[in-house]
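Here is the structure we will look at.
Here is how names work: the chains are called A, B, and so on, in the same order as the sequence lines, proteins then strands, and each is numbered from 1.
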Amino acid sequence: MQRIGVFVCWCGSNIAATVDVDRVVEAVKTDPNVVHAENYQYMCSEAGQKLIRDAITEHQLTGIVVCSCSPRMHEQTFRKTAEAAGLNQYMVEIANIREQCSWIHKDKDEGTEKAIILARAAIAKVCLNAPLQPGQSKVVKRALIIGGGIAGIQSAIDIADAGYKVDIVERTPTIGGKMAQLDKTFPTLDCASCIVTPKMVECAQHPNITIYAYSEVEEVKGFVGNFNVKIRKKARYVDETKCTGCAVCTEKCPSRKGRNEFNCGLDTRGAVYIPFAQAIPNVATIDATNCLHFKTGKCGICAKNCSANAIDFEQKDEIFEEQYGAIVVATGYQISDVTKFDEYQYTKHPDVVTSLELERLMNAAGPSKGVLVKPSDGKHPHDIVFIQCVGSRDISGRGKCYCSKICCMYTAKHAMLIREKYPDVNVHVFYIDVRTPGKNFDEFYRRAVEQYNVDYIKGMVGKVYENEKGGLTVQAVDLISNERVMLDTDMVVLAAAIEPSDGVKHIASMLTASIDTNNFLTEAHPKLRPVESPTAGVFLSGVCQGPKDIPETVSQAGAAAVKVVGLLAKDYLVTNPCTAHTDETMCNGCSSCERVCPYGAISYIDKEVMDKGVREVRRIAQVNGALCQGCGACTVACPSGAMDLKGFSNKQIMAEVDAICK
Amino acid sequence: MIYSYFPGCTLKAKAQDLDTYGRKAAEALGVTLEEIPEWQCCGAVYQQATDEIATKLSSVRALNAAKEKGQPLVTICSACHHVIKRVNEDMKENEDMILRANNYLKFDEPYHGETEVIHYLEMLRDKIGFDKIKEAVVNPLKGKKIAAYYGCLLLRPSKVMQFDDPENPTIIEDFIKAIGAEPVVYPFRNECCGGYQTITDKDQSDRFANKVIDSAKMKGAEMIITACPLCLYNLKQNTRDIPVVYFTELLAEALGVKEQEG
Amino acid sequence: MNNEKALAEEVVSFSGTNPRNCMKCGKCSATCPTFEEMDLHPHEFVSYLASGRIEKLLQSKTIYKCLSCFACVERCPRGVEPSRLIEAVRDSVVGQKGADYLSPDRIPERLDPDLPQQAITAAFRKYKK
Amino acid sequence: MQVNENSKEFKPLIVAFCCNWCSYAGADLAGTSRLSYPADVKIIRVPCSCRVNPMFILKAFEKGADGVIMCGCHPGDCHYTTGNYYARRRMTLLFSMLDYLGVDKERVRVEWVSAAEGQRFAMVMNDFAKKITELGENVKLGDIRCKK
């Protein structure tokens, strides 16, 4: 038999005006489990709490019910009160007789009766409560960053500066990401390389940062504070510790057919290559699909020319394991497929390029050494057309439903840079809306129009086609004048939508982190927890969470780092004790619970159980208390009734139903 | 292989070439085209309004006839193909249409879009295979630069037609390669020739046709082929110096059956 | 005014498409091969109908200029399918008694011996009750 | 179904399962905004709508409830990401069995109410209570094992 105390709060007149608190006290006293009941003006006040503490000691209460405001308001308060009097804090239940009773009812009889029923339901529940202890789990003081673009770099540096070890796993041969490919950045027009390469160097030299480039995350197990991650270090066929980055091999390599990814495929590279001069780590990589040695067994010119003896054709992929307390996803973006929009002739005409390709064409380290030329004939263009929103804001199924956010600004940047460097080139921009929210952003765009005479035309382009002169004709409508526009031009630049990198879906499922229909990772709360994934211990940095520009990415990367540091600063994590648990004698190991668990908290073990005098080994579900968030999905999925939820057990809820329906 | 065949009114009258060469070539490739008995005109235009039903019934009849034989339904005329394919889609998806059409037509068994509708070109690509055709060619049209003219009806709306990439189709180009000639890709191959305006505004359709022809010529085409009688008519009206023919005629020629008695 | 709105709504409803999905990018007009022949353009059709106006559209010669080539349907980023709207307006005009755009007695003078049947059938389907 | 003769005075018994994160907070907001709904509605707090076992609902009917409503976060907004989707599927199954059990389908309802929708919460409860009042007293679901 439990010894329950009931405390009815007046909340001044908030409750007492509609609920006869004396009657409630008298009514609950008839319950055989209730040994004490009283009411007071303000239970949450210090005096009220003292009342509760004293009653717990005096009547040796095993549980208390407070009839007051919403548990969302003061449950914590009264739990602490109980704890202070030596009662387990989970032996407290709240009957919400303010928000869900006195405030919405006018009739005092009606209100009082409902309050009594709500109190009885709470009493019925608390009688079945069990003392619970919040658990503890250890925190490994090391963070993993997936992705080595500007987002990953910034998060890594911030975490490392706070004194924690950080590993960056990057799938390409170098860190730096998309930012390293850019020419200039808006709205200040400073050189992208000049600001990102020093950060890359800082990463490489930081004592707390380890870079695993040309590597991929293979498997993630464990949970917040203690992730166990398998990382695959792909074979470069070059010994990283020996390679000095002298690049002699890259010049001597006779195979020149490799697609130069760094230049968006605008030119080719050798089979052994360093993506760009400032690559980190600055070592060569052999791409086996183009390498003559791997194709024919002959060649080996690179090995002959390597004075450091770093070429190793026998190298194999290497898989190793590491423990982490927190994981930051910074997988970034890629340009979406523009070949689906072939009314713009991207696949048919070399002078139709994407904006990222234009970035390379304008970059001093790019295929044309920074001289803007037409890819078709290497000649100077005299007229350039930009088309915005290619594949963005598209619900037809061909593109992305969202606004890619950065295109308006980089298009204005391109237009301005071209007009600045080549005043003889006419630049037209076809836009639907110009979206420039951001510090100095609209001013920047207006400068392109007002100072640089960039011709902005409202209206999406309908078709681009090759004309008799070998150039391109752009067919559109100027929606302001409502007239047909037929423009002969030399180049067309498509501001293609951006989308999350293609590997992100796989990474998200390994992390059990949720993604939305566009493959962007979901944040725990869109406003209040924007850099956390709903999965504890997983944090989001950069475009993997949604389209954003460099300043925003860097701020978010910093924010994610702070959250990581906050986690790693703890030695132990306190875990919510209201978690699911299995009755071993009833579980039949069917895996129904595992399939519905959004947190991967359920695993299976073979365990010897004693059931009705028989000892046997069974497959049994096991809940990891550190991962379980207590939603209860598994409890209903369980066909044998073995799974239950502490704090909201089947019996407790049934008891509440009983009490209400009495 | 035996397929049900819907020739359509134009192929029986003004576009007999398209039909006869198509049949001859099919025979040569081991395909029998069985004309649907008592077929009726498809109406030439797919009516998009949601309450439209009367104009679609003849297509449903043809579709059901093919279903009863358990054969795919082959079309050649691009207008017929467009109409029948879209009506078939309606008969799969549009509950209201399914109910009303079946109530009216009272087949032994209600029709629910079961028939597979394929264009003759799709039959060549998917059922026979361009590789097989290449092997069957006896008179390869070597070195001939041929421009494919798709027009609008075969490709759009691509969600329903599922014919090829609507902006960058390759099926007729692959066909041209299979018969040994050289395809010419040009920008206006999937733009409208304006054929429907030929009765009401001939100037306009002439202008559009010239755009298509000039675009093909610019890329060096010596010949234009098409699957649409109306496109053929319209293009032919506007050019003297470049031949415009049906694709079936070239196929029959390449297979060496053109001059055979039908 | 109210009648106009009701008619516009009715026409939109049997067009089977929703002009309110439009984001006013103008790609339908940009891609339309007949743009120059039209007095009101595809994007205007969408805009007018989205705001419940139809009077001007009923008078427009655009409804007889649309080729039903479906370029706007294919390329609209919002799935609005303007050609459906134009067709729906045309249907509501030629559906009126005596409003045929094409009458059989005007045909012979235009008849060319090579003209395919489908052109005639199509013209009647489109322009006559 | 029994038609209660004193339907004017009939006070239905309604059990509402509300998820802690959205609907329970929505109910609190209805309270804070003083939006009234009948006192016949009694709320049971659960962590998530997916914690509601259809058995709980049947239990309520067995014990004499006239209507049971389950409220959760809007689809896509679940605090636990997918909980309300599970709940929705389970409830679909339950609905398919209600006829068989002899419970009028209209006595069970599923609604999505967010933490910001106090007004909606009150509206939903008023509407449901009205419906149940119209339907009158429920036939008590008997436990077959107790019958001799």
Side-chain angles (χ1 to χ4, degrees), chain A residues 69-73 93-94 96 98-107 109-115 117-118 121 125 512-514 516-517 522 524-526 534-535 578 596-599 629-638 641 645 647-648 650 652-654 656-662, chain D residues 11 13-21 24-25 27-57 59-66 68 76-87 90 115 118 122 125 140:
Chain A
C69 53
S70 171
R72 298 168 57 85
M73 198 80 153
E93 286 297 330
I94 310 288
N96 185 345
R98 190 179 75 176
E99 281 84 350
Q100 294 175 9
C101 186
S102 70
W103 272 354
I104 49 170
H105 306 313
K106 290 197 178 68
D107 186 279
D109 273 346
E110 210 176 53
T112 308
E113 263 160 48
K114 182 169 173 181
I117 292 174
L118 293 177
K125 188 180 179 200
T512 65
S514 48
D516 64 19
T517 49
T522 321
H525 188 284
T535 303
C578 292
V596 297
C597 180
Y599 305 101
Q629 305 286 312
C631 67
C634 54
T635 59
V636 186
C638 179
L645 186 65
F648 290 95
N650 289 329
Q652 285 174 303
I653 297 175
M654 293 282 212
E656 281 183 272
V657 172
D658 273 2
I660 288 173
C661 297
K662 216 166 246 172
Chain D
K11 282 279 179 200
L13 177 55
I14 296 171
V15 179
F17 291 98
C18 291
C19 84
N20 184 40
W21 304 97
Y24 195 90
D28 278 356
L29 183 60
T32 322
S33 321
R34 311 293 199 278
L35 300 164
S36 71
Y37 51 88
D40 315 327
V41 179
K42 316 281 192 300
I43 297 172
I44 294 179
R45 181 163 71 128
V46 285
C48 175
S49 51
C50 71
R51 178 65 189 96
V52 179
N53 195 322
M55 285 299 293
F56 299 161
I57 294 166
K59 174 87 168 173
F61 284 124
E62 184 196 321
K63 291 284 172 179
D66 299 301
V68 180
D77 291 348
C78 176
H79 178 80
Y80 303 103
T81 324
T82 48
N84 50 3
Y85 294 131
Y86 294 133
R90 287 168 188 156
M125 290 307 156
K140 230 180 188 180

Task: Test ring pair (Phe, Tyr, Trp, His ring centres under 6.0 Å) applied to His105(A) - qualifying residues, sequence neighbours left out - done: none

- [ ] List in chain and number order the residues that pass ring pair (Phe, Tyr, Trp, His ring centres under 6.0 Å) with Phe17(D), two or more places apart in sequence or in another chain; answer none if no residue qualifies.
- [x] none

TODO: Say whether, by atom type as modelled, one donor and one acceptor occur between the side chain of Arg98(A) and the main chain of Gly31(D) under 3.5 angstrom.
DONE: no

Task: Passing option when Ile653(A) is tested against Arg45(D), Arg51(D), Met55(D), Lys59(D) for side chain to side chain contact (heavy atoms under 4.5 Å, CB included) - done: Arg51(D)

Open item on the list: Can you tell me which portion of Val68(D) sits under 4.5 Å from chain A's heavy atoms? Options are side chain, backbone, both or neither.
Closed with: neither

TODO: Kindly give the heavy-atom pair with the smallest separation between Tyr80(D) and Cys631(A), and that separation in Å.
DONE: CG-CB, 3.2 Å

Open item on the list: I need the minimum non-hydrogen distance between Asp28(D) and Asn96(A), along with the two atoms involved.
Closed with: OD1-ND2, 3.1 Å

- [ ] Against chain D, work out which of Trp103(A), Phe648(A), Tyr599(A) has the most heavy-atom pairs shorter than 4.5 Å and name it.
- [x] Trp103(A)

- [ ] Below 4.5 Å from any heavy atom of chain A, which atoms of Ala30(D) appear? Answer side chain, backbone, both or neither.
- [x] backbone

Task: Side chain, backbone, both or neither of Leu35(D) within contact of chain A (heavy atoms, under 4.5 Å) - done: backbone

Task: Contacting moiety of Ala633(A), where chain D heavy atoms sit under 4.5 Å - done: both

Open item on the list: Does any backbone or side-chain atom of Asn650(A) lie under 4.5 Å from a heavy atom of chain D? Answer side chain, backbone, both or neither.
Closed with: both

Open item on the list: Under 4.5 Å from any heavy atom of chain A, what part of Thr32(D) do you find: side chain, backbone, both or neither?
Closed with: both

TODO: Could you give me the CA-CA distance, side-chain angles and deciding distance for Ile44(D) and Val657(A), then say whether side chain to side chain contact (heavy atoms under 4.5 Å, CB included) is met?
DONE: CA-CA 8 Å; Ile44(D) 294 179; Val657(A) 172; 3.7 Å; yes

- [ ] State whether the side chain of Lys114(A) and the backbone N or O of Val41(D) hold a donor-acceptor pair below 3.5 Å, judged by distance alone.
- [x] yes

Open item on the list: For Ile117(A), which atoms come within 4.5 Å of any heavy atom of chain D: side chain, backbone, both, or neither?
Closed with: side chain

Open item on the list: I'd like to know which of Glu110(A), Gln100(A), Glu113(A), Glu99(A) tops the heavy-atom pair count under 4.5 Å against chain D.
Closed with: Gln100(A)

Open item on the list: Go through it in stages, so that I can follow the logic: the residues are Thr82(D) and Val596(A), the test is side chain to side chain contact (heavy atoms under 4.5 Å, CB included), and I'd like the CA-CA distance, side-chain angles, deciding distance and then a yes or no.
Closed with: CA-CA 8 Å; Thr82(D) 48; Val596(A) 297; over 6 Å; no

